[in-house]
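Throughout, protein chains are lettered first and strands after them, A, B, ... in sequence-line order, and every chain is numbered starting at 1.
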Protein chains: 2
Amino acid sequence: MPDKQFSALNYDDPMVARILDAGEQCIHRFGIRRTSMGEVARVGKLSRGSIYRYFSAKEALVEGIIRRRQEAFLNRTEALLEKETRLVDKLTLAVLAGRKDMQEGIFAALAEVEPETLAMMFLDPRFYHRSVSFWPPHVRLAQEAGEVAAALDVVFVTDFIVRLAVSLVMFPTIEVDLRSRKSLHAYLQQALRMGLGENGL
Amino acid sequence: MPDKQFSALNYDDPMVARILDAGEQCIHRFGIRRTSMGEVARVGKLSRGSIYRYFSAKEALVEGIIRRRQEAFLNRTEALLEKETRLVDKLTLAVLAGRKDMQEGIFAALAEVEPETLAMMFLDPRFYHRSVSFWPPHVRLAQEAGEVAAALDVVFVTDFIVRLAVSLVMFPTIEVDLRSRKSLHAYLQQALRMGLGENGL
DNA sequence: AAATGTACAAAAAGTGATTATTGTTCATTA
DNA sequence: TAATGAACAATAATCACTTTTTGTACATTT
């Protein structure tokens, strides 16, 4: 379940969907700065006032667009992971999917037009928190399977996984070249070394 | 040994030092954008032309200032770590030192005046690479001491450590509150055991 | 009820002339 | 030999001004 800190958006509401669609299209074409509420209204074929019924301000609209994108990504990834059982494999897929999303979605557009905005987004703790909500169930499953030590705190493992995954999405290679699926998988395998954690000190 | 990709700066050269000092002072007070070469010259009590003898452009000067800061940090940290033998303890101290540097140095000033610039810096791979050069010797020592599995590639361990450390400096708490030395140490202890143990698989 | 369209003040963004800064050059100074 | 200071075109920042956009309100439409 996603964050509820901000207004809970109903993506199924056709009005909400239309606004978000139009907004995303605008951002994709012009970037955030050069997108006006009037333009969003024009593209979405609705009145400017209606947008304000659903989004208190432009900032909230942008937040909504990004959030929907992220949640859509998480849902797609969730489906993608169903075929996998091991946490390492899931993580590998998730990182690869994350990179792909960065390279072609709205993020890629932002990276070209407003790199500073994108950079700020990545340093926003909320960006992490949204990713965090994804993992606990998988961690628990991995614990039941004995892949992750039962003694470990789910919150700790989740935190650890998210730090690693986000880092790997944003920097495919620091010292080790982790652009290929194979090298990434090997890296994560080693980094997790699940099944241990029990032993040693 | 720091990067050599850019011009090798001799920090002992009194002229270089004066320029960097003046530049850093200016950035600290006005931020990067509002710092002019003329102002740097005035503060450093030297001619504008002299700055260009040592730095090809304003960008290079800024690069030099940041680099010196980072290297000074690494040197201080290196000294700090001499008392420690275990890698976990070293990492803990390094992360704490890094956070402190962020909160009070030139970075704190930038965070207030030009957060986007700071965000861009953090996403610059060079920022990571400079940190990377620090760890290999410590990793080797840890391997000799049996703390890190001898079979592991030093490059892998370094990459892993840097990702984790940078993440922990930039985000003191994602899911787990790691602001205190105690909790940070426990976290790293577990994270290293997870990633760098002999056992498992 | 919910979406629209118009109107409105306040805030933000664009505009174009003016000023400051950049990066180079070179003769002068120490 | 190295730093200086002045001159310079090209670029970038600044300022006062105009236009656009924002967010709100409310009467009107569907």
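Rounded to the nearest 0.5 angstrom, A:R181 CZ and A:D89 CG are separated by 9.5 Å. Note that CG of B:L168 is 4.5 Å distant from CZ of A:R163, once rounded to the nearest 0.5 Å.
The shortest distance between side-chain heavy atoms of A:V169 and A:D101 does not fall below 4.5 Å. For the pair A:T173/A:L178, no side-chain contact is recorded, criterion being any heavy-atom separation below 4.5 Å from C-beta on. Between B:W135 and B:K90, some side-chain heavy-atom pair lies under the 4.5 Å cut-off. You'll find the side chain of B:F134 reaches within 4.5 Å of the side chain of B:T77, heavy atoms only.
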Which pairs, protein N/O on one side and nucleotides 1-3 of chain D N/O on the other, fall under 3.5 Å?
{"unit_1": "D:dA3", "atom_1": "OP1", "unit_2": "B:Y54", "atom_2": "OH", "d": "2.7"}
{"unit_1": "D:dA3", "atom_1": "OP2", "unit_2": "B:R53", "atom_2": "NE", "d": "3.3"}
{"unit_1": "D:dA3", "atom_1": "OP2", "unit_2": "B:Y54", "atom_2": "OH", "d": "3.3"}
{"unit_1": "D:dA3", "atom_1": "N7", "unit_2": "B:R53", "atom_2": "NH2", "d": "3.3"}

Show me the protein contacts with nucleotides 13-17 of chain C, counting only N or O atoms at under 3.5 Å.
{"unit_1": "C:dG14", "atom_1": "OP1", "unit_2": "A:R34", "atom_2": "NH1", "d": "2.9"}

Show each protein N/O and nucleotides 8-12 of chain C N/O combination with a separation under 3.5 Å, one pair to a line.
none

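Over its length, the helix from C:dA1-D:dT30 to C:dA30-D:dT1 turns its helix axis by 50°, as judged from the five terminal pairs at each end, rounded to 10°.
Taking a 6.0 Å sphere around CZ of B:R179, one finds it holds 12 or fewer heavy atoms contributed by other residues, nucleotides or ligands. Crowding of A:E104 atom CD: a count of heavy atoms from other residues, nucleotides or ligands under 6.0 Å exceeding 12.
At a non-hydrogen distance threshold of 4.0 Å, B:T35, B:S36, B:M37, B:G38 from residues 35-42 of chain B come into contact with DNA chain C.
One atom, OH of A:Y52, and another, P of C:dA7, lie 18 Å apart when rounded to the nearest Å. For the pair A:F55 CZ and D:dT22 C1', the computed distance is 16 Å after rounding to whole Å. As a whole-Å value, the separation of B:K58 NZ from D:dT11 P is 17 Å. In this structure, CD1 of A:I19 is placed 13 Å from C1' of C:dT4, rounded to the nearest angstrom. In this structure, B:L61 places its CG atom 10 Å from P of C:dT22, rounding to the nearest Å.
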Take nucleotides 25-30 of chain C nucleotide by nucleotide from the 5' end and write B, S or -, depending on whether a protein heavy atom sits under 4.0 Å from the base, only from the sugar-phosphate, or from neither.
------
Check step by step if salt bridge (Lys or Arg N to Asp or Glu O under 4.0 Å) holds for A:E71 and A:R68.
CA-CA 5 Å; A:E71 286 175 20; A:R68 187 178 65 160; over 6 Å; no
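Using the six-membered ring where Trp is involved, B:F160 and A:Y187 have ring planes that are tilted, between 30° and 60° apart. Under the 30°/60° scheme for interplanar angles, the aromatic rings of A:F127 and A:F122 are found to stand perpendicular.
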